[in-house]
Amino acid sequence: MARKPGNTREETRAAILAAAEKEFEANGFAGASLSGIAERAKITKSLIHYHFKSKEALWQEIKESRFADYADLQRQILAEYDDAREFLRQSFTAYFTFLQRNPSFLRLMWWMQAEHGRSQHPQHDLVVSASMRTLVEDGIRLVRDLQQRGQLRGDLAPRFMFAAFLSLLRHWFVARRDFALVEGGESTAAADQRYLETIIAIFSDGVLARP
């Protein structure tokens with residue numbers, strides 16, 4: 001169980017984070033244990049305490065690191081695109097691709113919602129939530145600007161548009177096995193792409209300003 005000879009501090013820390021992510025994915029914050037993380041990482045619990053102050057610190061670092069890359073990409077999209085149709089396509093594609101490549105992040109988010117307020121220090125959950133809220137607020141400002149310029153329908157509430165945007169993307173990765181291969185012979189990647197194109201078309205036709 002002890003750290004293997006020759007492992008650097010960085011390698012040991014990375015191994016702990018990888019093991020903790022698997023433990024949190026499987027059991028959520030409340031059900032995860034340092035003993036389980038130590039067993040997965042093949043190290044001692046004391047070594048975990050040496051690198052991280054607590055289970056909460058591990059939980060927070062994993063969530064923040066998973067979300068950071070997507071947040072940077074989405075901020076870039078919000079800053080670069082002022083055409084409504086292209087903005088919608090780029091935003092849908094960015095978040096969909098992020099969830100596709102990071103299935104563990106979505107599982108962690110479900111655990112966050114299911115266990116809201118049940119951690120010893122629930123304020124830890126606020127960091128990623130605050131980052132997401134900032135992205136949503138920036139997006140709402142852009143949507144309102146596009147509405148004022150006549151590119152998006154002005155009768156739709158921007159916050160509900162974002163709720164629909166997030167729900168359409170997240171739900172696919174929960175229900176995909178019920179719909180992805182129903183036509184037979186289609187790969188998961190092909191089904192993912194067809195679903196993405198379908199919801200972009202449906203959503204865009206629903207929110208873009210009408211002639």
Side-chain angles (χ1 to χ4, degrees), residues 1-80 90-91 93-139 166 169-174 176 188-189 192:
M1 292 288 289
R3 188 178 72 179
K4 296 179 180 179
N7 281 7
T8 65
R9 184 180 187 279
E10 291 73 20
E11 289 172 340
T12 301
R13 183 180 173 86
I16 294 171
L17 286 170
E21 184 168 348
K22 291 179 181 178
E23 179 75 5
F24 287 133
E25 283 178 38
N27 302 303
F29 175 83
S33 67
L34 290 181
S35 297
I37 296 170
E39 184 176 350
R40 290 177 186 272
K42 295 180 170 53
I43 59 172
T44 61
K45 282 174 59 176
S46 61
L47 195 54
I48 295 177
H49 283 294
Y50 174 78
H51 288 275
F52 299 93
K53 293 180 179 179
S54 63
K55 186 174 75 169
E56 289 87 350
L58 273 167
W59 175 240
Q60 183 59 33
E61 182 155 344
I62 289 168
K63 289 187 298 181
E64 288 183 12
S65 64
R66 281 295 183 187
F67 189 75
D69 290 342
Y70 163 69
D72 289 343
L73 176 60
Q74 192 63 61
R75 290 189 189 98
Q76 182 179 353
I77 291 170
L78 291 173
E80 290 183 1
Q90 293 294 334
S91 292
T93 301
Y95 194 41
F96 189 87
T97 302
F98 173 78
L99 295 177
Q100 190 179 47
R101 294 176 179 175
N102 296 277
S104 60
F105 178 80
L106 190 55
R107 287 194 289 272
L108 290 173
M109 287 196 68
W110 294 136
W111 278 116
M112 285 170 61
Q113 293 175 349
E115 297 184 341
H116 182 67
R118 289 173 57 190
S119 65
Q120 293 180 16
H121 302 287
Q123 67 270 20
H124 286 312
D125 288 342
L126 299 179
V127 177
V128 171
S129 297
S131 184
M132 174 61 83
R133 189 161 52 250
T134 298
L135 284 179
V136 171
E137 289 170 353
D138 290 344
L166 294 173
L169 292 168
R170 292 174 182 171
H171 184 69
W172 174 247
F173 295 100
V174 176
R176 177 168 57 184
T188 300
D192 283 354

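All values reported here derive from a predicted model rather than from experimental measurement.
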As an exercise, state the distance from [atom1] of [X] to [atom2] of [Y], rounded to the nearest 0.5 Å.
X	Y	atom1	atom2	answer
L99	R107	CG	CZ	11.5 Å
E61	E21	CD	CD	11.0 Å
L169	Q100	CG	CD	11.0 Å
T8	R13	OG1	CZ	12.0 Å
T93	L73	OG1	CG	10.0 Å
I16	Y50	CD1	OH	10.5 Å

D192 vs R176, side chain to side chain contact (heavy atoms under 4.5 Å, CB included): CA-CA, chis, key distance, verdict: CA-CA 8 Å; D192 283 354; R176 177 168 57 184; 2.9 Å; yes
List the atom of [X], the atom of [Y], and the distance in Å for their closest heavy-atom pair.
X	Y	result
A15	A41	O-CB, 4.0 Å
I37	A19	O-CB, 3.6 Å
I48	A38	CD1-N, 3.7 Å

Sidechain-backbone polar pair: T97 side chain, A94 backbone, donor-acceptor under 3.5 Å: no
Is there a donor in the side chain of S33 and an acceptor in the side chain of S35, or the other way round, less than 3.5 Å apart? no
Close side-chain approach of [X] to [Y], heavy-atom, < 4.5 Å:
X	Y	answer
F52	W59	no
D138	Q74	no
T12	R9	no

Can we say E23 and K55 salt-bridge, meaning some charged N sits less than 4.0 Å from an Asp/Glu carboxylate O? no
Return the orientation label for the F29 and F24 ring planes: parallel under 30°, perpendicular over 60°, tilted otherwise. parallel
Side chain to side chain contact (heavy atoms under 4.5 Å, CB included), that's the test. Do H51 and L17 meet it? Break it down for me. CA-CA 10 Å; H51 288 275; L17 286 170; over 6 Å; no
